Visitor: 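This is the structure, below, for whatever I ask next.
Since the model is a prediction, treat every value here as computed from it, not as a measurement.
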Amino acid sequence: NNIFYYKLGEKMKSIYPIKYINYDETLSIIKNIEMNRNYIGVVPEVMKIIKPDNFKNTRFISSIGLERFTLFSPSYNNITDWEQTNNKKIGVITNSAAFHTLTYIKTMFSLSFKIISIKLFDESIIKDFKKRRFHAFFMIIAHPNNVLSKIHKDQPLNFIGTKGMGENAINIAFPNLLKAKIDLTHYNIYNSQPDTLLVKLNLVTNKNFSKDNGYNLIQTIFKNLLSIKSSGSDTYKMQMRDFNPEYIYLSNNNQKLHKGAYKFYKDIGLITNNPERSCRYKVGIGECNIKKINHFRLL
């Protein structure tokens with residue numbers, strides 16, 4: 001149901017000895033990781049916020065892609081922000097990360113929309129919109145999305161990211177997600193770039209996945225980043241355009257590093273055991289010599 005995930009799975013299998021790929025619902029992936037030491041999964045980072053108790057045995061290896069909160073509605077519905085979804089119906093893919101996020105949004109932001117679940121996101125939702133089965137649809141997706149392009153051509157859409165949620169409420173509900181924009185030029189819309197939240201797709205595994213395998217996995221991703229980003233269809237390349245090396249690393253305290261990823265971080269100088277406070281200004285594996293620090297704290 002999500003071609004972007006499919007492509008990422010194939011990319012991983014092409015650079016690392018993965019036996020088979022199983023495309024499944026997000027919570028099923030997490031449950032498999034929790035129980036199986038040799039299971040690797042791709043999970044949107046938002047799931048750790050929404051279902052924290054499901055990640056007791058799960059450890060972070062790397063981020064490998066980016067998606068964005070995207071709410072869209074036919075322009076004739078006149079929905080331009082989240083406040084206008086009250087007493088409306090919002091469609092979402094059943095048991096997806098977007099489904100759990102939408103349920104969370106409804107509670108956290110005290111909104112009164114009704115959630116309508118569907119099994120498949122395809123062009124059939126054009127008819128669903130026309131029949132008023134739902135007034136808007138919520139996804140966490142990478143842009144551009146080819147199905148979304150076809151829907152927009154049939155009936156012009158309003159794209160909403162986080163407008164109407166409120167800055168303070170967003171920071172409370174999603175403290176670790178980065179602010180971003182939705183580039184609508186892919187859909188021939190040139191006068192709008194809605195504010196939204198960026199969701200990293202995290203490669204995670206069981207805490208008992210071997211240290212060497214974890215180290216080799218993140219090192220392989222690091223070495224093959226250019227290939228992961230730039231080999232594939234034009235749509236895939238656009239979806240990966242904003243994924244930069246800085247996104248590979250764990251950037252918050254919300255998740256735990258796998259022991260192999262921890263060793264990799266130490267080897268490339270992102271983690272040091274040197275207690276000297278001045279070492280926080282130094283990146284790299286060289287010795288931290290405080291005598292070399294000048295007046296401006298530069299090394």
Visitor: Please report the shortest heavy-atom distance between Ile189 and Leu157, naming the atom on each side.
Guide: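 Taking every non-hydrogen atom into account, CD1-O, 4.3 Å.
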Visitor: Verify, without hydrogens or angle tests, whether Thr103 (side chain) and Phe99 (backbone) share a donor-acceptor contact under 3.5 angstrom.
Guide: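 Here the side-chain-to-backbone pair exists.
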Visitor: Group every Ile, Leu, Val, Met, Phe, Trp and Tyr by side-chain heavy-atom contacts under 4.5 Å, then state whether Ile221 and Ile268 land in the same group.
Guide: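 Ile221 clusters together with Ile268.
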Visitor: With Lys179, which of Asn171, Thr196, Thr162 fulfils side-chain hydrogen bond (donor to acceptor under 3.5 Å, both in side chains)?
Guide: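 By the side-chain hydrogen bond (donor to acceptor under 3.5 Å, both in side chains) criterion, Lys179 pairs with just one of Asn171, Thr196, Thr162: Asn171.
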Visitor: Is it the case that the ring center of Phe138 lies less than 6.0 angstrom away from the ring center of Phe72?
Guide: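 No: the rings miss the under 6.0 Å criterion.
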Visitor: I'd like to check Pro194 versus Leu184 (side-chain heavy atoms, cut-off strictly below 4.5 Å). Are they in contact?
Guide: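 A side-chain contact exists here, since the closest heavy-atom pair is under 4.5 Å.
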Visitor: If we count only N and O atoms by modelled type, under 3.5 Å, do the side chains of Thr80 and Asn158 hold a donor and an acceptor together?
Guide: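 Result is no, nothing qualifies.
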Visitor: If you define the side chain from C-beta out and look only at heavy atoms, does anything of Arg133 sit under 4.5 Å from Lys89?
Guide: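 Side chain of Arg133 against side chain of Lys89, heavy atoms only: no contact under 4.5 Å found.
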Visitor: Has Lys31 got more than 12 heavy atoms of other residues, nucleotides or ligands less than 6.0 Å from its NZ?
Guide: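 No, NZ of Lys31 has 12 or fewer neighbouring heavy atoms, counting only those of other groups under 6.0 Å.
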Visitor: For residues Ile182 and Met238: do they belong to one hydrophobic cluster (side chain heavy atoms under 4.5 Å, members Ile, Leu, Val, Met, Phe, Trp, Tyr)?
Guide: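 No, Ile182 does not connect to Met238 through the hydrophobic network.
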Visitor: Using the side-chain contact (heavy atoms from CB on, under 4.5 Å) rule, pick out the option among Gln84, Lys88, Arg132 that qualifies with Asn77.
Guide: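 Exactly one option meets the side-chain contact (heavy atoms from CB on, under 4.5 Å) with Asn77, and it is Arg132.
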Visitor: Just so I know, are the side chains of Ile90 and Ile115 near enough to count as touching, which here means a heavy-atom distance under 4.5 Å?
Guide: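 SC-SC contact between Ile90 and Ile115 ruled out.
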Visitor: Distance only, no hydrogens: is a donor on one side chain within 3.5 Å (strictly under) of an acceptor on the other, for Ser96 and Glu25?
Guide: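 No - no donor-acceptor pair under 3.5 Å links their side chains.
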Visitor: Does any part of the side chain of Tyr247, heavy atoms only, come nearer than 4.5 Å to the side chain of Leu178, both counted from C-beta?
Guide: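 Answer yes - side chains close enough.
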Visitor: Can you tell me how far apart CD1 (Ile160) and CD (Glu83) are? Round to the nearest 0.5 Å.
Guide: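 So the CD1 of Ile160 and the CD of Glu83 are separated by 12.0 Å.
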Visitor: Do Thr70 and His143 have side-chain N/O donor and acceptor atoms under 3.5 Å apart?
Guide: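 A pair is found: one side chain offers a donor N or O, the other an acceptor, under 3.5 Å apart.
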Visitor: Tell me whether Lys256 at atom NZ has more than 12 heavy atoms from other residues, nucleotides or ligands lying less than 6.0 Å away.
Guide: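 No, because the 6.0 Å sphere around NZ of Lys256 holds 12 heavy atoms or fewer from other groups.
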Visitor: Shortest non-hydrogen contact from Ala173 to Ile49?
Guide: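 Taking every non-hydrogen atom into account, O-CG2, 3.6 Å.
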Visitor: Working to the nearest 0.5 angstrom, can you tell me the gap between Thr205 OG1 and Ile61 CD1?
Guide: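 Thr205 atom OG1 to Ile61 atom CD1 measures 6.0 Å (nearest 0.5 Å).
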Visitor: Shortest non-hydrogen contact from Met47 to Leu27?
Guide: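 Closest approach of Met47 to Leu27: CE-CD2, 3.8 Å.
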Visitor: Heavy atoms, side chains only, cut-off 4.5 Å: are Val92 and Ile118 in contact?
Guide: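 Counting from C-beta outward, Val92 and Ile118 never come under 4.5 Å.
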Visitor: Pick one: which of Phe60, Phe264, Phe209 meets ring-ring contact (aromatic ring centres under 6.0 Å, His included) with His258?
Guide: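 Of the listed options, the one satisfying the test is Phe209.
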Visitor: Quick one about Tyr76 and Gln155 (side-chain donor to acceptor, distance below 3.5 Å, no hydrogens or angles considered), yes or no?
Guide: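 Note: Gln155 and Tyr76 side chains meet the donor-acceptor criterion.
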Visitor: Does atom NZ of Lys223 have more than 12 heavy-atom neighbours, drawn from other residues, nucleotides or ligands, at distances under 6.0 Å?
Guide: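 No, NZ of Lys223 has 12 or fewer neighbouring heavy atoms, counting only those of other groups under 6.0 Å.
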Visitor: Salt bridge check: are Lys163 and Asp81 linked by an N-O gap of less than 4.0 Å?
Guide: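 The answer is no: the pair does not qualify as a salt bridge.
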Visitor: Report, as yes or no, whether the 6.0 Å neighbourhood of atom CG on Asn22 holds more than 12 heavy atoms from other residues, nucleotides or ligands.
Guide: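 Counting other residues, nucleotides and ligands, CG of Asn22 exceeds 12 neighbours.
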Visitor: Asp53 and Lys51: side chain to side chain contact (heavy atoms under 4.5 Å, CB included), yes or no, with the steps?
Guide: CA-CA 6 Å; Asp53 293 338; Lys51 299 282 185 180; over 6 Å; no
Visitor: Contact between Glu10 and Ile21 at the side-chain level, heavy atoms closer than 4.5 Å - yes or no?
Guide: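 Yes. Closest side-chain heavy atoms under 4.5 Å.
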Visitor: Given the side-chain rings of Tyr104 and Phe174, with only the six-membered ring counted for Trp, is the space between their centroids under 6.0 Å?
Guide: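 Ring centres of Phe174 and Tyr104 closer than 6.0 Å.
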Visitor: Judged by atom type as modelled, is there a donor-acceptor pair below 3.5 Å linking the side chain of Lys229 to the main-chain atoms of Met240?
Guide: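 At least one qualifying donor-acceptor pair exists.
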Visitor: Between the side chains of Asn202 and Ser63, is a donor N or O closer than 3.5 angstrom to an acceptor N or O?
Guide: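 Side chains of Asn202 and Ser63: pair found under 3.5 Å.
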Visitor: Consider only side-chain N and O atoms of Lys237 and Ser231, and report whether a donor and an acceptor are under 3.5 Å apart.
Guide: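 Per modelled atom types, Lys237 and Ser231 side chains form no pair under 3.5 Å.
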Visitor: Between Glu34 and Thr58, does the side chain to side chain contact (heavy atoms under 4.5 Å, CB included) criterion hold? Intermediate values first, please.
Guide: CA-CA 6 Å; Glu34 287 287 302; Thr58 300; 2.6 Å; yes
Visitor: Ile64 versus Val42: any side-chain heavy-atom pair under 4.5 Å?
Guide: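 Yes, at least one pair of side-chain atoms sits under 4.5 Å.
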Visitor: Side chains of Tyr16 and Asn216: is there a donor and an acceptor less than 3.5 Å apart?
Guide: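 Note: Tyr16 and Asn216 side chains miss the donor-acceptor criterion.
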Visitor: Tell me if a side-chain donor or acceptor on Glu67 pairs with a main-chain N or O of Lys200 at a distance below 3.5 Å.
Guide: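 No: the side chain of Glu67 does not pair with the backbone of Lys200.
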Visitor: Any salt bridge between Arg68 and Asp242, counting N to O under 4.0 Å?
Guide: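 Salt bridge flag = yes for Asp242 with Arg68.
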Visitor: What heavy-atom pair brings Leu66 and Ala142 nearest, and what distance separates the two atoms?
Guide: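 Smallest heavy-atom distance, with atoms named: O-CB, 3.6 Å.
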Visitor: Yes or no on ring-ring contact (aromatic ring centres under 6.0 Å, His included) for Phe137 and Phe129, after CA distance, side-chain angles and deciding distance?
Guide: CA-CA 9 Å; Phe137 201 91; Phe129 274 133; 7.1 Å; no
Visitor: Taking the six-membered ring where the residue is Trp, are the ring centres of Trp82 and Phe69 under 6.0 Å apart?
Guide: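 Centroid separation for Trp82 and Phe69: 6.0 Å or greater.
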Visitor: After noting the C-alpha distance and the side-chain angles of Phe243 and Ile228, does the key distance pass the side chain to side chain contact (heavy atoms under 4.5 Å, CB included) rule?
Guide: CA-CA 10 Å; Phe243 185 72; Ile228 293 171; 5.8 Å; no
Visitor: Drop me the distance from Leu102's CG to Ile140's CD1, to the nearest 0.5 angstrom.
Guide: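 Rounded to the nearest 0.5 Å, the CG-CD1 separation comes out at 9.0 Å.
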Visitor: Which heavy atom of Ser73 sits nearest a heavy atom of Ile79, and at what distance?
Guide: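 Ser73 and Ile79 have their closest heavy atoms at OG-CD1, 3.9 Å.
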Visitor: For the NZ atom of Lys259 and the CG atom of Asn213, what is their distance to the nearest 0.5 Å?
Guide: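 Here the interatomic distance stands at 10.0 Å.
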Visitor: Side chain of Ser14, backbone of Lys11: donor and acceptor closer than 3.5 Å?
Guide: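 Judged by distance alone, yes, a pair lies under 3.5 Å.
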Visitor: Determine the minimum heavy-atom distance between Phe134 and Ile125, stating which atoms define it.
Guide: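 Minimum heavy-atom separation between Phe134 and Ile125: CZ-CB, 4.1 Å.
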Visitor: How about Tyr5 and Tyr23: are their ring centres within less than 6.0 Å of each other?
Guide: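 No: the rings miss the under 6.0 Å criterion.
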Visitor: Tell me whether Asn145 contacts the main-chain N or O of Leu148 through its side chain, where contact means a donor paired with an acceptor under 3.5 Å.
Guide: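 Yes.
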Visitor: Kindly say whether Thr94 contributes a backbone atom to a donor-acceptor pair with the side chain of Lys119 at under 3.5 angstrom?
Guide: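 It does not hold such a pair.
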Visitor: Main chain of Asn206, side chain of Asn57: is a donor-acceptor contact present, judged purely on distance under 3.5 Å?
Guide: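 Not confirmed, Asn57 side chain does not pair with Asn206 backbone.
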Visitor: A quick test of your reading: do over 12 heavy atoms of other residues, nucleotides or ligands sit less than 6.0 Å from NZ of Lys153?
Guide: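 Open: at most 12 neighbouring heavy atoms sit under 6.0 Å from NZ of Lys153.
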Visitor: I'd like to know if Lys150 and Asp122 make a salt bridge, using a cut-off of under 4.0 Å between side-chain N and carboxylate O.
Guide: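 Answer for the salt bridge query: no.
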Visitor: Rounded to the nearest 0.5 Å, what separation is found between the OG1 atom of Thr220 and the CE atom of Met12?
Guide: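 One finds 7.5 Å between OG1 of Thr220 and CE of Met12.
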Visitor: Under a plain distance cut-off of 3.5 Å, with no hydrogens placed, do Asp183 and Thr185 share a side-chain donor-acceptor pair?
Guide: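 Short answer, yes.
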Visitor: Grouping I, L, V, M, F, W and Y whenever their side-chain heavy atoms are under 4.5 Å apart, do Leu225 and Leu201 come out in a common cluster?
Guide: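 As far as the 4.5 Å side-chain criterion goes, Leu201 and Leu225 are connected within one cluster.
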Visitor: Rounded to the nearest 0.5 Å, what separation is found between the NZ atom of Lys263 and the NZ atom of Lys266?
Guide: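 The NZ atom of Lys266 is 9.0 Å from NZ of Lys263, to the nearest 0.5 Å.
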Visitor: Indicate yes or no: at least one non-hydrogen side-chain atom of Ile93 is less than 4.5 angstrom from one of Leu120.
Guide: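 No - every pair of side-chain heavy atoms lies 4.5 Å or more apart.
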